[in-house]
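Some notes on the structure that comes next.
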There are 2 protein chains.
Amino acid sequence: MPDQTRPPGQRVTIYDVALEADVSPSTVSRAFSRPSRVNSETAERIRQVAGRLGYRTNPLARALTTSRTQMIALVIADITNPVYAEIVRGAQEVAADGEYTTVLIDAQESDRLERAAVERTMSTVDGIVLASSRMSDSAIRMVAKQRPVVVLNRALADVPCVVTDDPRGVRRAAEHLGELGHDHITYVAGPQASWPNGVRWRSLLEAGMELEIKVRQIGPFSPTMAGGERAAQELCARPATAVLAFNDQMAIGIIRGLSRMGVNVPGDVSVVGFDNILAADIVTPRLTTVAAPLYAEGSAATRHLLTMIEGAPGHTGRPMVLPVRLVVRDSTAARNPSPGRARPSWVRQRPVPGPAAHLP
Amino acid sequence: MPDQTRPPGQRVTIYDVALEADVSPSTVSRAFSRPSRVNSETAERIRQVAGRLGYRTNPLARALTTSRTQMIALVIADITNPVYAEIVRGAQEVAADGEYTTVLIDAQESDRLERAAVERTMSTVDGIVLASSRMSDSAIRMVAKQRPVVVLNRALADVPCVVTDDPRGVRRAAEHLGELGHDHITYVAGPQASWPNGVRWRSLLEAGMELEIKVRQIGPFSPTMAGGERAAQELCARPATAVLAFNDQMAIGIIRGLSRMGVNVPGDVSVVGFDNILAADIVTPRLTTVAAPLYAEGSAATRHLLTMIEGAPGHTGRPMVLPVRLVVRDSTAARNPSPGRARPSWVRQRPVPGPAAHLP
DNA sequence: GTGAAAGCGCTAACAT
DNA sequence: ATGTTAGCGCTTTCAC
């Protein structure tokens, strides 16, 4: 009969079980470690007694001696951004399979907050997945010196990395736009602290060279819908017929902002996003975007982290790269035949943004 | 497999600092607890030495004696659902302010997974916020006996709860629909394990009585866009002119499903959602919905949890209820004047769902 | 205010 | 295969 008088919660210890099962405490301990190094017969008895007494091994105490907590930290840049949901799922899946608990940390797009949170959590976890970290390279290396770390969406020497094949994705997007007759692509930049942001821009630069498409960049803007709407305004000042946005949220914001100003997407401007979030499929027009294998990113990174925690050396050669694909939907279309003028026709119609009435 | 180099993390202990600062270990300990029960002069010296040596207090060891880990668990039903993002933000904010780290647990809409995760984490955290728990009342009470618990979006005797004023929200939605001439509202149900789901249906029942609006329920469906699309099909079999969905995601799915079958929203059917997620504002038509104070939910629940952890009794009288408001957008409109027939006109046009072509 | 000693609950050497 | 003996790093009585 379980001891009811005690303040509940972790009062039953290994000693209680040992006493009751008539073995030494260490035997109980062994019975609860895997592989159970105990005579299967006594092990059974111990388990039985433990069950009856309501014994639960105390992970904290265990951690104190083993220095393994069976917890990993997953740091994401912004929990508000739906891309991370799938990444988290992938990571949790793998972690749970390996009997690890995942501590999710939301950095809120802030270098400072991220560092503080990592600092606080570091000593409590067995390893860390840094998804889209906003920290500096050196800060990351510092962390990686203390704990196994896998970096997601960022390449970094000496630290295991998992990235997506963004250059290929950008290239595909540029080709697609080129085929539609666009000879000029504007990149709408996201956070400067975002590593993929740089990669995407440079990839576009390169693709532009090869495909003979002119490219330019505006921004940076916040990687949110609001950021996209702001970008739309700037887009009006320096018009474009084809836009590649840092991510889907911005792309959606751009479409909204443009529409509000009477600019038609994809009629006047084609817009391509990045990530293929769920919302990309529900906006009007449905968003053409570069899809990343979100779930696989999370699971791959975590899988690698777990092997490192188990003692594997950590593959720091070159980053593991995951494939992407271009999902063509309705936000891109053949370039509006503008008869021999440099600027698209819509510019003069509404040179300055303002709350336009809904078009019929 | 032996580790290559000793993990450099956490090698500096209180003893090292004590030695260097020429005080006893307990003094160092006291210097690092707050309020610092040490001569401010020596405290300063200790801090200095600690800083120089790179000493970091080991939360695990501390927890072993104090049985306080400075961590709380936040369990959410589905990380894929954007409502939780804001709730998480609210919770994290408060937790961080109180020097607590938040362990986020995604239950994936599964009673079983949720229990397992809570079970695993319980002994490691000082308290738990259960947001939209899918566990049974008894399971929750069991947990609440072991650790401070605050339940969010669910009322439960003997456990502190924070809920939103859904009855009022439903009532407002019903009034709104009634004013638009609808005399019949169909509730599209979400998960049966969801407490708000029951509340919303019962509230609609009640509102229907008072407002003399007929109501009925279909479902349950999965609380996702996919679930909504499935509901749309059933909606065709048993048509309606006004629909209240369990949440926004379903509402969006319903709109999509209906549109695909050639039914116009809000022309033929008005749709109201619940939660006011970001996507509600970007779909076409923009979604009329009952908005909940997500951020406040998370922060209120967490704030209450922290006071309980500090020893406060936990307000188990009646649940704390947060206000909601109806956000009217474009998915609701005056009832299509159907001349004296019970069933809306569009039913006969397309009695059976099928992949309809896009309308021009 | 500070020091000395005694654990928190568990695991990891050693023994046997 | 099991028992014995030390701690893990910290906090906390107790003395002084």
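Residue numbering restarts at 1 for every chain, and letters A, B, ... go by the order of the sequence lines.
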* Starting from C1' on dG3(C), measure out to CG on N39(B) and report it in whole angstrom. => 15 Å
* What does F32(B) touch in the nucleic acid at a heavy-atom separation under 4.0 angstrom: a base, only the sugar-phosphate, or nothing? -> nothing
* Asked: Looking at dG9(C), does its base get a donor-acceptor pair with the side chain of R56(A) below 3.5 Å?
  -> no
* Asked: Is there a donor-acceptor contact under 3.5 Å linking the side chains of Y100(B) and T302(B)?
  -> no
* Nearest-nucleotide pick for R30(A), side chain only, options being dG3(D), dG1(C), dC10(D) -> dG3(D)
* Between S29(B) and dT11(D), does any side-chain N or O lie under 4.0 Å from OP1 or OP2? -> yes
* Expected output: side-chain T65(A) to main-chain R62(A) donor-acceptor under 3.5 Å -> yes
* What's the CZ-C1' distance between R37(B) and dC14(D), to the nearest Å? -> 15 Å
* Asked: Whole-Å distance between dC8(D) P and R62(A) CZ?
  -> 19 Å
* Asked: Under 4.0 angstrom, heavy atoms only, what part of the nucleic acid is T27(B) near: base, sugar-phosphate, or nothing?
  -> sugar-phosphate
* Asked: Which of these nucleotides, dA13(C), dG9(D), dT12(D), is closest to any side-chain atom of T66(B)?
  -> dT12(D)
* Would you please say whether a donor-acceptor pair under 3.5 Å links the side chains of S133(B) and E114(B)? => yes
* Structure fact -> Taking for S40(A) and for Y15(A) the nucleotide of DNA chain D with the nearest heavy atom, the one nearer the 5' end belongs to S40(A)
* Does a donor on one side chain and an acceptor on the other come within less than 3.5 Å for T316(A) and D158(A)? -> no
* **d(CG, L60(B); P, dT11(D)) in whole Å** => 12 Å
* Cation-pi, F32(B) ring and R47(B) (6.0 angstrom, 45 degrees) -> yes
* To do: Could you state the atom-to-atom distance from CG of L64(B) to P of dT11(D) in whole Å?
  => 11 Å
* Roughly how many Å is it from CD1 in I46(B) to P in dT2(C), rounded to a whole number? -> 8 Å
* Asked: dC10(C) C1' sits how many Å from D16(A) CG, rounded?
  -> 13 Å
* Asked: In terms of the nearest nucleotide of DNA chain C, which residue is placed more toward the 5' end: A61(B) or P25(B)?
  -> P25(B)
* To do: For I14(A) and dG3(D), give me the distance from atom CD1 to atom C1', rounded to whole Å.
  => 14 Å
* Asked: Touch check for T42(A), heavy atoms < 4.0 angstrom, all strands: base, sugar-phosphate only, or nothing?
  -> sugar-phosphate
* Asked: Would you say the base of dT4(D) and the side-chain of S26(A) have a donor-acceptor pair closer than 3.5 Å?
  -> yes
* Report yes if at least one side-chain N or O of S24(B) is closer than 4.0 Å to OP1 or OP2 of dG3(C); otherwise report no. => yes
